[in-house]
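Bear in mind the structure is a predicted one, so any value in this text is a computation, not a measurement. Indexing begins at 1, ligand by ligand and atom by atom, following the structure's order.
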Amino acid sequence: MIVLGIETSCDETGVAVYCTDRGLLSHQLYSQAKTHAEYGGVVPELASRDHVRKLPHLTRLAVQEAGIEMSDLDGVAYTQGPGLVGALLVGISSAKALAAGLGIPALGVHHLEGHILAPMLAPEPPEFPFVALLVSGGHSQFIEVLGVGQYRLLGGTIDDATGEAFDKVAKLLDLPYPGGPHLAKLAEQGDPKRFAFTRPMVDRPGIDLSFSGLKTQALVQAKALAVDGKVEGQDAYDLAASFEYTVAETLFIKCARALKETGLNRIVLAGGVAANQTLRKRLADLDAELYYPPLAYCTDNGAMIAYAGAVRLSAGQMDAAQIQARPRWPLEELSRVG
Ligand code: KG4
Ligand code: ZN
């Protein structure tokens, strides 16, 4: 089965083609980061318009790169939610129109299921069951994954998402949006032990996370270090490294707890922050097998949607005719496959 996947939930337009026999055939991505950078965050209306502008071209490119014709497609998967409703609707209506025109089924995919299953695109994918640590710009959750559609939420952030905390601390250092990867770059030259930030919620039992206190600690430190309102040079490197180190240590401790609670010995790191090398290195110390998606499929992309869609379409699932975006969508409502 050959499936086209379309991702438009936020500020990345992603289109990919996945074949259940041959694997991923193509992957096209356009990031709107530059469009939103001057506003310091995603502007929903601009995001929707940019998806309208880019999606038809990227779809043609993805099909071309896969070496197939549109008529070879067996299904179209798209991100149905969660996400920005206007941005979602662009992908949904395009996917539905394309599927109707070709006379093939369309299927709405849960964005977080896409992230959780993205490691299946790696050369050595994990087997079920596993604990997923999903850390992105909008979510931070520990999920027990027993199979496709069998998800149990173990814990999550009570305030900011991990990526959001990275982005906000990056902003203190005047880094462009989204700041996570820029902060990680600065941290490479910094001393992670220079500022002893408290690791949030590790002395309390449980798996929940919180980043607002750590963010405030970083803000107070940034103010103390600032010269003419700016933190620069070694001070900026050390602040970035100390923040990143504290996040990695905290997630390490919570992952160990999630593994203990579930009795599982496999952990899958997914979502945009899964691209963070310090975090990957730290989690490798866990007494468990560690998996993460190839770098290109950590942040939002069409490949993970094409993959998740292909699994569900192959199991005979397909949409009804109506168009429905689900800006909020609990992961545990998904139907089980197999
Ligand atoms: O999964 P994603 O592309 O979008 C959402 O679904 O939210 O995640 C984007 C988030 C942003 O907050 C970005 O700063 C963060 O992932 N991110 C990183 C890195 N690469 C992306 N954070 C830390 N280190 C990185 N290398
Ligand atoms: Zn995402």
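- Close contacts of ligand 1 with Ser136, meaning ligand atoms under 4.0 Å from a residue heavy atom, involve 1 (O), 5 (C), 6 (O), 7 (O), 8 (O).
- Protein heavy atom in closest approach to atom 9 (C) of ligand 1: Gly137 N, 3.7 Å.
- Nearest protein neighbour of atom 14 (O) of ligand 1, counting heavy atoms only, is Asp167 OD1, 2.6 Å.
- Taking the charged nitrogens against the carboxylate oxygens, Lys254 and Glu261 have no contact shorter than 4.0 Å, which rules out a salt bridge.
- If you number the atoms of ligand 1 from 1 as listed, the ones under 4.0 Å from a heavy atom of Gly163 come out as 12 (O).
- Classification of Glu113 and Arg312 as a salt-bridged pair holds, one side-chain N sitting under 4.0 Å from a carboxylate O.
- Close contacts of ligand 1 with Thr299, meaning ligand atoms under 4.0 Å from a residue heavy atom, involve 3 (O), 21 (C).
- Defined by atom type and a distance below 3.5 Å, a donor-acceptor pair is present between the side-chain atoms of Ser210 and Asp159.
- Side chain of His27 to main chain of Ala16: no donor-acceptor pair is present (N/O by atom type, distance under 3.5 Å, no hydrogens or angles).
- For the residues Val273, Asn301, Asp300, the heavy atom positioned nearest atom 6 (O) of ligand 1 is part of Asp300.
- The His115 neighbourhood of ligand 1 comprises atoms 1 (O), 6 (O), with distances under 4.0 Å to a heavy atom of that residue.
- Of all protein N/O/S atoms, those lying under 2.8 Å from the Zn ion (ligand 2) come to 3.
- No option in Gln221, Gln189, Arg194, Lys193 other than Arg194 meets the side chain to side chain donor-acceptor pair (under 3.5 Å) test with Asp238.
- For atom 24 (N) of ligand 1, the nearest non-hydrogen atom of the protein is Asn276 ND2, 3.0 Å.
- At least one heavy atom of Gly138 sits less than 4.0 Å from an atom of ligand 1.
- We find that Glu332 and Arg152 are not joined by a salt bridge, their nearest charged nitrogen and carboxylate oxygen being 4.0 Å or further apart.
- For atom 1 (O) of ligand 1, the nearest protein heavy atom (residue, atom name, distance) is Gly272 N, 3.0 Å.
- Ring geometry for His111 against His115 counts as perpendicular: the plane angle is over 60°, on a 0 to 90° scale with 30° as the lower cut.
- Scanning all heavy atoms of the two residues, the minimum distance from Met318 to Leu107 falls at CA-CD1, 3.7 Å.
- Taking any N or O of Gly271, backbone or side chain, none lies under 3.5 Å from an N or O belonging to ligand 1.
- Ring geometry for Phe166 against Phe243 counts as perpendicular: the plane angle is over 60°, on a 0 to 90° scale with 30° as the lower cut.
- Heavy-atom separations between His111 and ligand 1 include at least one value shorter than 4.0 Å.
- Nearest heavy-atom pair across Ala308 and Val109 is CB-CG1, 3.8 Å.
- Taking a 6.0 Å sphere around CZ of Arg257, one finds it holds more than 12 heavy atoms contributed by other residues, nucleotides or ligands.
- The shortest N/O to N/O separation between Gly180 and ligand 1 falls below 3.5 Å.
- A salt bridge links Arg282 with Asp285: at least one charged nitrogen is closer than 4.0 Å to a carboxylate oxygen.
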